[in-house]
Amino acid sequence: MITFKPAALFGVLAGILLSLGSFTVIADHDSEASIGTRISAVGRSCVEGQSCKAPVAVVVAAPAGPLTGKEIYASGCAACHDSGAAGAPKLGDVAAWTPRLDKGLEKLFSNAFYGYKGMPAKGMCKKCDKDEISSAVTYLVDNSK
Ligand code: HEC
């Protein structure tokens, strides 16, 4: 004979409810809102066309304005003008720079921009414009007289 035990039935029901409950937790773990919360500590994903309420947490610092002559010099020209590679007149070498300065600054600017003998055009700084090359030349000659 089968005996009906309410306690056993309760146990089974509780078991079913518990497993449903944990299933819900797993489902929530992968829900968009849940994922969004977990990754939001680093940054916030925004969908184009929708409002993005919180500002993006990670802000890449943009350089403040154009590079200075010193920075351009250090990032490229120094490779030759610090060492004197290929016969480049060295930074600070007054004897090497004095006769070149006699040509006039404008001539030095244009020779640095368009190239001159062993001196490659723009000192190989492809993205540099005329003003940037000129400011690098100014830095170079100001520290060589
Ligand atoms: C690959 C090596 C190299 C790099 C990089 C380089 N130079 Fe030169 N530069 C030379 C050489 C070599 C000379 C000497 C050319 C000569 O008179 O024979 C020279 C000469 C010059 C002169 C003198 C030109 C003249 O008319 O007498 C200036 C000014 C100059 N460089 C500026 C720069 C600046 C500014 C940069 C960076 C933007 C730069 N150089 C990068 C090799 C280089």
Side-chain angles (χ1 to χ4, degrees), residues 6-145:
L9 183 64
F10 179 77
V12 170
L13 276 175
I16 291 169
L17 283 174
L18 274 175
S19 59
L20 279 178
S22 56
F23 179 75
T24 316
V25 169
I26 290 165
D28 182 58
H29 187 75
D30 290 334
S31 77
E32 229 172 280
S34 169
I35 292 168
T37 310
R38 275 180 280 130
I39 66 170
S40 66
V42 178
R44 178 173 285 263
S45 328
C46 302
V47 179
E48 196 178 24
Q50 291 180 7
S51 77
C52 184
K53 291 193 179 75
V56 176
V58 182
V59 178
V60 179
L67 295 177
T68 64
K70 185 178 182 176
E71 288 165 337
I72 294 164
Y73 177 83
S75 72
C77 322
C80 293
H81 288 276
D82 269 4
S83 62
K90 285 199 208 177
L91 176 81
D93 185 343
V94 178
W97 279 103
T98 305
R100 295 179 191 271
L101 276 166
D102 290 344
K103 301 178 189 178
L105 264 184
E106 286 304 320
K107 186 72 188 162
L108 294 183
F109 290 167
S110 78
N111 282 353
F113 191 80
Y114 295 107
Y116 174 76
K117 298 187 191 170
M119 165 69 200
K122 295 182 176 191
M124 301 197 300
C125 176
K126 290 199 170 64
K127 62 178 172 47
C128 288
D129 63 19
K130 236 176 173 163
D131 287 345
E132 288 171 317
I133 295 298
S134 298
S135 68
V137 172
T138 304
Y139 170 79
L140 187 47
V141 300
D142 279 355
N143 289 282
S144 307
K145 52 183 174 185

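Here, residue 1 is the first one in the sequence, and each next residue gets the next number.
To the nearest 0.5 Å, atom CZ of residue R100 and atom CG of residue L140 are 10.0 Å apart. To the nearest 0.5 Å, atoms OG1 (T68) and CD (E132) are separated by 10.0 Å. Distance check, rounded to the nearest 0.5 Å: CZ of F113 to CG of D129 gives 7.5 Å. Separating the CG atom in L67 from the SG atom in C128 is a distance of 7.5 Å, to the nearest 0.5 Å. Here the CG atom belonging to D93 is positioned 15.0 Å from the NZ atom belonging to K145, to the nearest 0.5 angstrom. T138 contributes atom OG1, which lies 10.5 Å from atom CG of N143 (distance to the nearest 0.5 angstrom).
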* Mind running disulfide bond (SG atoms under 2.5 Å apart) on C77 and C80 for me, showing each step along the way? => CA-CA 6 Å; C77 322; C80 293; over 6 Å; no
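With sequence neighbours excluded, the residues satisfying side-chain hydrogen bond (donor to acceptor under 3.5 Å, both in side chains) with K103 are Y116. Evaluation of the salt bridge (Lys or Arg N to Asp or Glu O under 4.0 Å) rule for K117 yields no partner, not counting sequence neighbours.
Here the closest heavy-atom approach between residue S144 and residue K90 is recorded as OG-O, 4.1 Å.
When each of V141, D102, L91 is checked for a side chain to side chain contact (heavy atoms under 4.5 Å, CB included) with W97, only V141 meets the rule. If you run side chain to side chain contact (heavy atoms under 4.5 Å, CB included) between Y114 and each of K122, M119, K130, only K130 comes through.
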